[in-house]
Amino acid sequence: MSAGMTMTAATTAARARRARRSDRAGTLVVHGLLIVFALLAIAPILLVVVNSFKTTPAIFEHPFALPNADTFSTGGYERVFQRGHFVDNYRNSLIVTLSSTVLTLVLATLAAFALTEYRVRFAPLVGGFFVAGIMLPIRLGTVPILKTMIAWGLMDTLTALVLVYTAMSLPLGVALLMTYFRSVPHELKEAARIDGAGELRTLSVTLPVVRPGLAAVASVTMLPIWNDLWFPLILAPSQENQTVTLGVQQFVGQFLNDYPALLGALTLGAVPLVVLFVVFSRQFIQGLSQGIGK
């Protein structure tokens, strides 16, 4: 009996060791692939940044080398700020992005709370419209949007961009926040109402519970808005209202042969996106994953 039990224990231990080795091998393979994909994604960005600090001959002779005392130059960035309008472009992008994000958060929060809290017959229909808005790209309505902005006297203004981006971001924001508001304990809201809280106060009580969803909506709203080129080109093309993306695109078209300045402009356009993603990537991934699982 004891011999049989000993053999069974030894077999189980051997299987456990093999399983651990297999898990370690699988983990190494997965991490190796992730490192390769990360390098493939980061390498072009680093190449652009490094070469933006070189002279033109150094870019062509040693494109993969780091700048040294002979090849280092900030002339490209100097020409970018002398001939371009990147300070104004950054200001415009910042105004449009922050305004659209705040409006989206406020309106999406109110709409999602109402659709999940109040039992009315048309609530599922309204929710369906928001879902349909996710599937239909807003660029299909460029002509009606253009006519509307002309009729309202908002052409070539930052207000037009804020309104369009808010409308573009609301469907996903509402759909995502609805999953979070459904997970708020009913007892929490009832306790607030019993204490005499109004609806807005009850909503404020639930906001800490849905904070990951708010962070996810903010991140998923900011990145596409900052990186968009289509609507700034259509609705706000003038020099004083240009965003960073549009400014980079027009600078590239004008100074195509000035490679240090060209790479410097591309770096100035890409750095904000990288910073935004680094700052909000954890909230973005956590908020979306939790929202899907609710």
Side-chain angles (χ1 to χ4, degrees), residues 7-54 58-68 71-72 93 97 101 104-105 134-135 137 169 171-173 175-180 182-183 208-229 244-245 248 259 262-294:
M7 292 179 61
T8 303
T11 303
T12 304
R15 291 177 178 175
R17 286 194 298 269
R18 286 196 297 269
R20 285 194 296 269
R21 286 196 295 268
S22 178
D23 292 340
R24 284 196 295 269
T27 302
L28 289 175
V29 171
V30 171
H31 281 80
L33 291 175
L34 290 176
I35 291 173
V36 171
F37 290 143
L39 291 176
L40 289 176
I42 296 173
I45 300 176
L46 292 179
L47 193 62
V48 170
V49 174
V50 168
N51 283 285
S52 67
F53 290 98
K54 294 180 182 179
I59 293 175
F60 287 96
E61 293 175 4
H62 306 287
F64 299 104
L66 293 175
N68 53 38
T71 61
F72 180 82
S93 289
T97 302
T101 302
T104 299
L105 284 174
I134 299 174
M135 297 183 291
S169 306
L172 181 58
L176 185 60
L177 286 177
M178 284 176 65
T179 63
Y180 280 88
R182 290 194 183 103
S183 68
V209 181
V210 299
R211 187 180 301 171
L214 296 175
V217 172
S219 60
V220 81
T221 299
M222 285 189 293
L223 294 175
I225 291 175
W226 187 280
N227 199 36
D228 186 53
L229 174 64
V244 170
T245 308
V248 170
Y259 291 98
L262 174 62
L263 296 177
L266 293 176
T267 300
L268 292 174
V271 165
L273 284 176
V274 176
V275 172
L276 285 175
F277 181 78
V278 170
V279 172
F280 292 99
S281 60
R282 179 176 299 179
Q283 291 85 352
F284 174 67
I285 297 171
Q286 180 182 3
L288 288 182
S289 61
Q290 291 183 2
I292 293 172
K294 290 183 182 294

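The first residue in the sequence is number 1, and the count goes up from there.
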When the side chains of residues 263-276 are checked against the rest of the protein, which donor-acceptor pairs come out under 3.5 Å, sequence neighbours left out?
residue	atom	partner	partner atom	Å
Thr267	OG1	Leu263	O	2.8

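Listed here is the closest heavy atom pair of Leu47 and Pro63: CD1-O, 3.3 Å. Here the shortest heavy-atom pairing between Thr221 and Ser169 reads CG2-OG, 3.5 Å.
Pairs engaging residues 36-46 under the salt bridge (charged side-chain N to carboxylate O under 4.0 Å, His left out) rule: none recorded [sequence neighbours left out].
For the side-chain hydrogen bond (donor to acceptor under 3.5 Å, both in side chains) test, no residue two or more places apart in sequence or in another chain qualifies with Asn227. Looking at residues two or more places apart in sequence or on another chain, you find a side-chain hydrogen bond (donor to acceptor under 3.5 Å, both in side chains) between Ser52 and Tyr77. Remark: Leu40 engages Val36, Phe37 in a side chain to side chain contact (heavy atoms under 4.5 Å, CB included) (not counting sequence neighbours). For Ala58, the side chain to side chain contact (heavy atoms under 4.5 Å, CB included) partners are Lys54, Thr55, Thr71, not counting sequence neighbours. Residues forming a side chain to side chain contact (heavy atoms under 4.5 Å, CB included) with Thr97 (at least two apart in sequence, or on another chain): Thr101, Met222, Ile225, Trp226.
Atoms CG and CG, from Leu176 and Leu214 in turn, are 9.0 Å apart once rounded to the nearest 0.5 Å. The CZ atom of Phe64 sits 8.5 Å away from atom CG of Asn51, with the distance rounded to the nearest 0.5 Å.
In this structure, Phe60 and Tyr259 have perpendicular ring planes: the angle between them is above 60°, well past the 30° mark.
Between Thr245 and Asp228, every side-chain heavy-atom pair lies at or beyond the 4.5 Å cut-off.
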